[in-house]
Asker: 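Sharing a structure below in structure tokens format, with a few things to ask.
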Number of protein chains: 2
Amino acid sequence: MPPWLGAGVRRGWEERRATNAFVANVFVANAFVTNAIDCRYDGAMTAHPTAPRSRRERPAKPALTREGIIATTVDLMRAEGLERVTMRRLAKELDTGPASLYVYVRNMAELHAAVLDELLGAVDLSPATSDGEWRDRLVRILTSYTSVLFEYPGLAQSALVARPFGKHYLKLLEALLALLDEGGIEPDRAAWLLDLLLQFATATAAEHAHRAPGDTPQSEADWQALATVVRDVSPRTHPHIAALGTRLLSGSPKDRLAWGFDVLIAGARHTPLPEVLAPSPVDTRGAGETGSAGDAGETGNAGDTRGTRGARATGATEG
Amino acid sequence: MPPWLGAGVRRGWEERRATNAFVANVFVANAFVTNAIDCRYDGAMTAHPTAPRSRRERPAKPALTREGIIATTVDLMRAEGLERVTMRRLAKELDTGPASLYVYVRNMAELHAAVLDELLGAVDLSPATSDGEWRDRLVRILTSYTSVLFEYPGLAQSALVARPFGKHYLKLLEALLALLDEGGIEPDRAAWLLDLLLQFATATAAEHAHRAPGDTPQSEADWQALATVVRDVSPRTHPHIAALGTRLLSGSPKDRLAWGFDVLIAGARHTPLPEVLAPSPVDTRGAGETGSAGDAGETGNAGDTRGTRGARATGATEG
DNA sequence: ACCTGAACACCGTTCAAGT
DNA sequence: ACCTGAACACCGTTCAAGT
């Protein structure tokens, strides 16, 4: 079904499709021809910041591409919220069946990761090279990262479970590591602190994944309930909670976020790393074709890395 | 369908139910009678730590109760993982239709919260009153909390979005606040640090929500991909990432978790709170029937609290 | 009053079959 | 080769109607 027709027409077509074989066939044939002459068109679809307002303006059905799918996902998300972005809905938007999408993305999780990285292009990395105290600049970037995620907390949730490693995410990591380096934080410490900072920012954004639309109907009730519980708790059984009362919930998220960043940065500098972190270099190493980094000794191969993760996956349960 | 029949029989019954009206009617009648004489039975179902091995041993279909539903959810989760716990599956397990569950739980999110609180009963709070350094004891409790969540990372994800305020969660808060108090942390700082510590623990557990079953098939591939990206990044465009290499991913989760707790505790003591935190007491106050806490001045009413949350909900986006 | 069958309005993903 | 209709195997939630 061609995208340049208005929504009403498209809906009508959807409803008729099962009963009006002639109309359906015309469109199917049309789509096939468009496809056959390979009239590729990916300008408007891939340039997501200023996507076309109306579908009528698009001259032809764009051929499916990964970029086009991601751009359409971003558009749909901005327009209707992440929870409305489903494979089926997305396919409808692209005038195809859901199965077609799986040619370009492995699954929903991969699509989310790709979309998040796309969005991460909006993070302001300019403080990385500007003047001023390195800490301020670090926090400015982290705050920018958090604001981007704040708009789509559902994506933050995804990012927590499957950390994206797209190009924008890598640029963010590089900028943050540069500032930590500038601040004189030793590399291993910087690596761990980086993780803490991004996890904190991401989790803070993810916390706000209750309702995407403007108002917060459910969240409001939750908050009331929470405040009530904290206020009505018995001082006999829970003296410390009662003494704090609603002060437990005090502070704007902005203040808490800023304080959290400061706490992590200050704490990381004062807390010694465990001695376990001694490199313990491994003889076997990967191909290293791209990497002429100066620390070949510490670079483990994939097998070793897997071992490390294996330990990570089970370690905490024994604690 | 009575729960004391084995799985094979039950499956057979499921398949026959549409065609064999007689058998179905016998069971329906049976269930109705059980219900009518109000043969309440909630011992084995509510005591989740030692739920009965076999459904055969249960003498009768338990009447639906909130506790029974939660207990069954926990059982089902332990047996098949959180992702298999759906309203429909749960209803099947309780020999009813999904609609019946909504008499006792508002929705899936509420059920998750209730189940999480149930699980939180397993957190070891004994360090709260034991001997030793307050910090060690604090970290021991937090580590116990994290291990419990580690077993069901999906629940940790839920907890991040909708913080539970069940009785076990409140006991946990009380124990942690007592230790922070013992450590001489001032109340407002303790409140914020508490949040940071629990958020960190919860987010760390939530990160592991990829696959619930024993092996980690998808996670393994993700990890490989991630290690490859970090190793193969160009030292020209990303010098700091390249210099760190796989050291970015070093350390066991156990070590990272312990370090994180230490960082937060140390950092919180060295980082001043924003002056905004001045109580600014409000004249209007809530009913306060239960609360004879000594800090009535700082206890805001629901309206004020709502205002605070409103600020929290939008503040960070402007940062 | 309490419970529930059936329906509503959807999902992600796969695969055999089309062009 | 590339694409997709139709199916598979499900979802959460609601509500009118049963007992």
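Below, each value reflects all heavy atoms present in this structure, side chains not excepted, and no hydrogens, waters or symmetry copies. Chain letters run A, B, ... following the sequence lines, proteins first, then strands; residues in each count from 1.
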Asker: Any Lys/Arg nitrogen of B:E151 or B:R78 sitting under 4.0 Å from an Asp/Glu carboxylate oxygen of the other?
Answerer: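 So B:E151 does not pair with B:R78 through a salt bridge.
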Asker: Just to verify, what does B:V229 make a side chain to side chain contact (heavy atoms under 4.5 Å, CB included) with, not counting sequence neighbours?
Answerer: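 Side chain to side chain contact (heavy atoms under 4.5 Å, CB included) check on B:V229 returns A:F165, A:L170.
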Asker: Expressed as a whole number of Å, how far does the C1' atom of C:dC10 sit from that of C:dA6?
Answerer: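 C:dC10 and C:dA6 have their C1' atoms separated by 16 Å.
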Asker: For DNA chain C, what dot-bracket results from Watson-Crick or G-U pairs at under 3.5 Å, with [ ] for crossers and | for inter-strand partners?
Answerer: ||.|||||...|||||.||
Asker: Looking at A:T96, does any N or O in its side chain come under 4.0 Å of the phosphate oxygens OP1/OP2 on D:dT4?
Answerer: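 The answer is yes; a side-chain N or O of A:T96 sits under 4.0 Å from OP1 or OP2.
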Asker: Sequence neighbours left out, what passes ring-ring contact (aromatic ring centres under 6.0 Å, His included) with B:F200? Give chain and number order.
Answerer: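 Applying ring-ring contact (aromatic ring centres under 6.0 Å, His included) to B:F200 gives B:F261.
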Asker: What string of B, S and - do you get for nucleotides 6-12 of chain D, 5' to 3', if B is base contact, S is sugar-phosphate-only contact and - is no contact with any protein heavy atom under 4.0 Å?
Answerer: -B---BB
Asker: Mind checking the NE2-OH spacing from B:H112 to B:Y152? Nearest 0.5 Å is all I need.
Answerer: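 Here the interatomic distance stands at 12.5 Å.
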Asker: Atom CG of B:D95 to atom P of C:dG5: distance rounded to whole Å?
Answerer: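 Rounded to whole Å, this separation is 11 Å.
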Asker: Holding to side chain to side chain contact (heavy atoms under 4.5 Å, CB included), I want the full list of residues that pass it with B:T73, two or more places apart in sequence or in another chain.
Answerer: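 Listed in chain order: B:I69, B:V85, B:L90, B:L111, B:V115.
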Asker: What residues, two or more places apart in sequence or in another chain, satisfy side chain to side chain contact (heavy atoms under 4.5 Å, CB included) together with B:A205?
Answerer: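 Scan of B:A205 (side chain to side chain contact (heavy atoms under 4.5 Å, CB included), adjacent residues dropped) gives B:L149, B:F150, B:A156.
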Asker: Could you state the atom-to-atom distance from CG of B:L101 to P of C:dT4 in whole Å?
Answerer: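 Rounded to whole Å, this separation is 9 Å.
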Asker: Output all residues satisfying salt bridge (charged side-chain N to carboxylate O under 4.0 Å, His left out) with B:R88, sequence neighbours left out; order by chain, then residue number.
Answerer: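 None.
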Asker: My understanding is that only residues two or more places apart in sequence, or in another chain, count here; which of them pass side-chain hydrogen bond (donor to acceptor under 3.5 Å, both in side chains) with A:Y145?
Answerer: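 Scan of A:Y145 (side-chain hydrogen bond (donor to acceptor under 3.5 Å, both in side chains), adjacent residues dropped) gives A:T202.
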Asker: What residues, two or more places apart in sequence or in another chain, satisfy side chain to side chain contact (heavy atoms under 4.5 Å, CB included) together with A:A114?
Answerer: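 Applying side chain to side chain contact (heavy atoms under 4.5 Å, CB included) to A:A114 gives A:R66, A:I70.
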Asker: Look up atom CD in B:E118 and atom CD in B:E67, then write down how far apart they are to the nearest 0.5 Å.
Answerer: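 The distance works out to 8.5 Å.
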Asker: Grab the CG-C1' distance between A:L90 and C:dT13 for me, whole Å please.
Answerer: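 It works out to 14 Å between those atoms.
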Asker: What do you reckon, is CZ of A:R89 surrounded by more than 12 foreign heavy atoms closer than 6.0 Å?
Answerer: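 Yes, enclosed.
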Asker: Taking only N/O atoms, report every protein-nucleotides 16-18 of chain D pair under 3.5 Å with atom names and distance.
Answerer:
none

Asker: When you compare C:dC8 with D:dC11, how far apart are their C1' atoms, in angstrom units rounded to a whole number?
Answerer: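 Approximately 12 Å lies between the C1' atom of C:dC8 and that of D:dC11.
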Asker: With rounding to the closest Å, how many angstrom separate the C1' atoms on D:dC15 and C:dC3?
Answerer: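 Result for the C1' pair: 12 Å, nearest Å.
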